[in-house]
Amino acid sequence: MRYPQTFIDDLKRQADIVRVIQDYVQLKKKGANWMSCCPFHKEKTPSFSVSPVKEIFYCFGCHKGGSVFNFVMEIERVSFPEAIKLVAEKSGVPLPVMVDDSRFQARRLESEEVIELNKWALEWWEQQLESSAEGRIARDYLKAREITDETSKTFRLGYAPDSWEALSSHLRQKGATQDQIERSGLVVKKEGGTGSYDRFRGRLIFPVMDIQGKPIAFGGRTLRDEDAKYINSPETAAYIKGRNLFGLNLTRDEIRRNGFVILVEGFLDLIVPYQFGIRNVAASLGTALTPDQVKLLARFARKVVVNYDGDKAGVQAAKKAIEILLAEDLEVKILVLPDGADPDDFLKKSGATEYHRRRGEAQPHIQFVIDQAVVDRKLSNPADKEAAIDEVLPYVRAVRSRIQKREYFDIAMDSLRISDATMRRELWHSIRGGFGDGARARQITSKPPQVKPTVAEEHLLSVVFADETLRGSVLRMLQPEDYEDLVTAEIFRALLELDRANQEITFDSLIEKTDGDERVTALLPMLMMNESLHALNEHYSPEECVFTFRLMKIQNRIDELRDQSSIAEREGDTEKLAKLSAEQTELAKRRKALLPKAEALQTGG
Ligand SMILES: [Zn+2]
């Protein structure tokens, strides 16, 4: 079921959160809010509160919170569309005729139909591979590639006979109509005329499964000498290119367990490692890696080792992949196997142990990019040097975590032999702000220093939410550096954007501005309900909170420098040690200047 967005927006305005929640718990008015014992956890004194003004609820005990829809979803254990229906009924808002619904439903039915046909085709192709006389050519090929029967069965490989209509007639026999067969993409429609012919002929079949293991598309490798080594399914109701990764249905748990994924290109680059027991792998399938694929990967691991072919095309593809991966805030390493080998060749030649060893030595993405940038250039030549800088810096700029960004920047500057301090500073300024030109500067620190906001953040945000007159002046006091390493960074960024655009600051507008960022959704109700804290801490001014942010930042850098110093000391790098200690002294001075102003708030969360 789907409701038009305009209806949902209307309903949000009309639904009375107190009246809806009143149906489930006994609310009592307390100041601007309504309170009760929490329906989501056991308690004797009320910590569950509802704000009709902010249109949110929040429990100070179990920290559940959100909009009226979140409440209904949580208490009724229903999906979002069902919550909408319930809220509409409770609010007396008539449900709209669902114009979109039939189209959405039709698409879903069509997708299920395509998958059904794919299942029939795949079962039949599997049989062909296993036992048909013609399938011998495919069996021989797999044997030559040292793919075992077990592996072949795990990946459900098949063989499509060299025929224009063998599969089509099989599908018709199973009861499929010509329309259904054409919609499935398993056939190619004849040009101009009517009718169709089988798309995959005389090919080894690799099924592409969705994350639940349903066949949504196929790749077919030629077993003769044809121009097109691989052909693939077209887009259908069940398959949109660039949304899936090959093998992930089999490897997802292993990826999660390992905490990182090895990203490869082709079918066999995944299947062969899998056979060798390397199972935290996913394949991007030839085409350039897409943001959708990366988002899918990120659900299972935040670290990626890119292991593409070592040839020129592979290197280019790897560089493109780095950009996409960094944009999604993943940590990227690059594994280049010797002599341009792909994982398939390398494993057969050198074995899994050697592969693991090389994988352990995979380069951070920046080193790979630098190596590529200097490979045919002389750094003593100014023009070459400039070209190398231009090539490398976008990959530093794309890093979202500021701490990592700085580290990579320093590595790049050292490797490109840029020692002039003024120039380094200028280059740093050119990339520090954000990421890509024109792209929305939406940096998320990958590892927040604390999971919970600090007292200073909570306090400052509660002032911003509670006091509209103070809001503008508080927000204008903030520099991006002040908040970008905080767990609430996204909230500050959204607040500033909304304030600048003179837009209303509400739970919904903030959720929208942050694209439903999970961390924001989790923190926001608490922060918005924190008026009591605002009252309690009134003797801390917003200025003091900002000082505290700056202080925390300095402290973090000092901690970092201490780590780096001990490494430099171990390595006997006296020059670096001197540099680090100079910075430490400088920071200590700045820290001292801020301390009296902010010390009282530096308690952390
Ligand atoms: Zn609770």
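Below, each value reflects all heavy atoms present in this structure, side chains not excepted, and no hydrogens, waters or symmetry copies. Both counts, for ligands and for their atoms, begin at 1 and track the order of listing.
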Pair Ser79, Glu82: side-chain N/O donor-acceptor within cut-off below 3.5 Å
yes
Minimum side-chain heavy-atom gap Gln584-Ser565 below 4.5 Å
yes
Is there a side chain to side chain contact (heavy atoms under 4.5 Å, CB included) between Ile278 and Arg359? Walk through the geometry before answering.
CA-CA 11 Å; Ile278 300 161; Arg359 200 261 306 139; over 6 Å; no
What lies under 2.8 Å from the Zn ion (ligand 1), restricted to protein N/O/S atoms, is Cys38 SG, His41 ND1, Cys59 SG, Cys62 SG
Do Phe40 and Ile75 come close enough that some side-chain heavy atom pair is under 4.5 Å?
yes
Answer with yes or no whether the side chains of Thr514 and Glu490 bring together a donor and an acceptor at under 3.5 Å.
no
Validation row: Phe260, Lys333 side chains within 4.5 angstrom (heavy atoms) = no
